[in-house]
**Student:** 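This is the structure I want to talk about, given as structure tokens.
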Amino acid sequence: MTDQLAALSPGSTIGILGGGQLGRMLALAAARLDLRTLTYGTGAEDPAGQVSTRHIHAPYDDDAALARFGASCDAITYEWESIPVRAVEIAGAGRTVAPNLTALRTAQDRLLEKRFLSELPGVSVAPFRDASGTIDALRRAVAEIGLPCVAKTRRGGYDGKGQAMIRTAADIAAAWETLGGHALIVEGFVDFTREASIVCARGQDGEVCAYPLTENVHRDHILHTSTAPAAPSVHGGDDGRPGDIARTIADALDYVGVIGVELFDTAEGWVVNEIAPRVHNSGHWTQDAGCTDQFEQHIRAVAGWPLGDCRPAWPVRMTNLIGEDAADWPTLARDPSARLHLYGKTEARPGRKMGHVNRRSG
Ligand code: AMP
């Protein structure tokens, strides 16, 4: 696998592992640049496969299908951070993979991620401890971190799944009951005033371009709105810092592509919650902000092209359409202020991301 990417010509094929809405929007952005996409997902009707040039419908442990996929691609990326590393290795053997496997391995494991982040200059994270194996290990970690704290599975958690708040020592048994089958970490509870993120692109030549700080509001642990540019931070005067934090992280990983960095805004400054080695839900507003959107930036980076402009021409608020929200599409389609994006999912299960709407917010 080579880390050095050469610029791909129009007509080349980018392979996207993962068949969800992020892959769908990557494929749409690639098509505008005449870059073909081959998507790989586990469903015949995957949102990405509906719009990509070609789609392979196979499981992530089908080595032959992964090798066939890889052989048809000039560069490979992924749209889902829980993709098995082995699948990416097989698909990417002998060809360019971006973001690289170090970034993927780091982001897949909260313990590795926290260790990596905590060693970077100018980057703060919540205090954390490994708490795997036994309830006693969990008790020890809680005692060292102090109450309140949060137990999280090292792998696979998202949208608040795979985590448990521990407010008193009496909560430890319940946390162990739900999460104890998995390797865990314990994190100190961060007393934040709001949640924010930075979506940042890094090109093959090391050029970094960060979108403005985005403020995120969650409902039922799922992202509800993202507004950018965000209002200045509560601790004042340093709103350039999140961009510097994202750059430090991307440089340290020798990252190529778009990365999402989730942040807590606290009275003491910015605390990094986690990183996502992919385009990010809190960056969907970029599609309707009069600049190069995050999906095109990612494709440009993977293809070895120069990055586009990350500066929005106007402020935008993105609202996710979750579950039955998407049934409102006729109203939204009539609303001249709403830019509607639907993901092609047939079944509107509760909590499922079905689409989003972008609106100018100023
Ligand atoms: P995560 O899966 O790590 O993104 O966490 C999901 C949500 O849980 C975050 O968006 C926060 O609202 C909350 N959360 C996670 N970790 C902490 C923490 N250490 N302190 C306070 N709240 C947290």
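Residues take their numbers from the sequence shown, with the count starting at 1. Whatever order the structure lists ligands and atoms in, that order sets their numbers, starting from 1. Computed from a prediction, not measured in an experiment: that's the story for all the values here.
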**Student:** Side-chain donor-acceptor pair under 3.5 Å between His280 and Glu262, yes or no?
**Tutor:** yes

**Student:** Looking at non-hydrogen atoms alone, which of Lys161, His221, Arg110, Gln163 comes nearest to atom 6 (C) of ligand 1?
**Tutor:** Gln163

**Student:** Taking 4.0 angstrom as the limit and counting only heavy atoms of Glu262, give me the atoms of ligand 1 inside it, by number and element.
**Tutor:** 4 (O)

**Student:** Against heavy atoms of Lys152, which atoms of ligand 1 measure under 4.0 Å?
**Tutor:** 3 (O), 15 (C), 16 (N)

**Student:** Any N/O of Val190 closer than 3.5 Å to an N/O of ligand 1?
**Tutor:** yes

**Student:** Please tell me whether Cys209 and Cys200 are bridged, where bridged means their SG atoms are separated by under 2.5 Å.
**Tutor:** no

**Student:** Which residue owns the protein heavy atom closest to atom 14 (N) of ligand 1, what's the atom, and how far is it?
**Tutor:** Phe264 CZ, 3.9 Å

**Student:** Output the list of atoms in ligand 1 that are nearer than 4.0 Å to some heavy atom of Phe192, sorted by atom number.
**Tutor:** 12 (O), 21 (C), 22 (N)

**Student:** For Tyr60, enumerate each residue passing the ring pair (Phe, Tyr, Trp, His ring centres under 6.0 Å) test, keeping only those at least two apart in sequence or located in another chain.
**Tutor:** Tyr40, Trp80

**Student:** Show the atoms of ligand 1 that are less than 4.0 angstrom away from any heavy atom in Glu195.
**Tutor:** 9 (C), 10 (O), 11 (C), 12 (O)

**Student:** Are His221 and His218 close enough that some pair of their side-chain heavy atoms sits under 4.5 Å apart?
**Tutor:** no

**Student:** Determine the interplanar angle of the His284 and Tyr343 rings, folded into 0 to 90°, and report it as parallel if under 30°, tilted if 30 to 60°, perpendicular if over 60°.
**Tutor:** perpendicular

**Student:** Indicate whether any N or O donor in one side chain lies under 3.5 Å from an N or O acceptor in the other, for Ser233 and Asp265.
**Tutor:** no

**Student:** Using a 3.5 Å cut-off on N or O atoms only, is Val150 in polar contact with ligand 1?
**Tutor:** no

**Student:** For ligand 1, is there an atom lying under 4.0 Å from some heavy atom of Gly188?
**Tutor:** yes

**Student:** Give a yes or no on whether Ile14 and Leu28 share a hydrophobic cluster (residues Ile, Leu, Val, Met, Phe, Trp, Tyr; joining criterion: side-chain heavy atoms under 4.5 Å apart).
**Tutor:** no

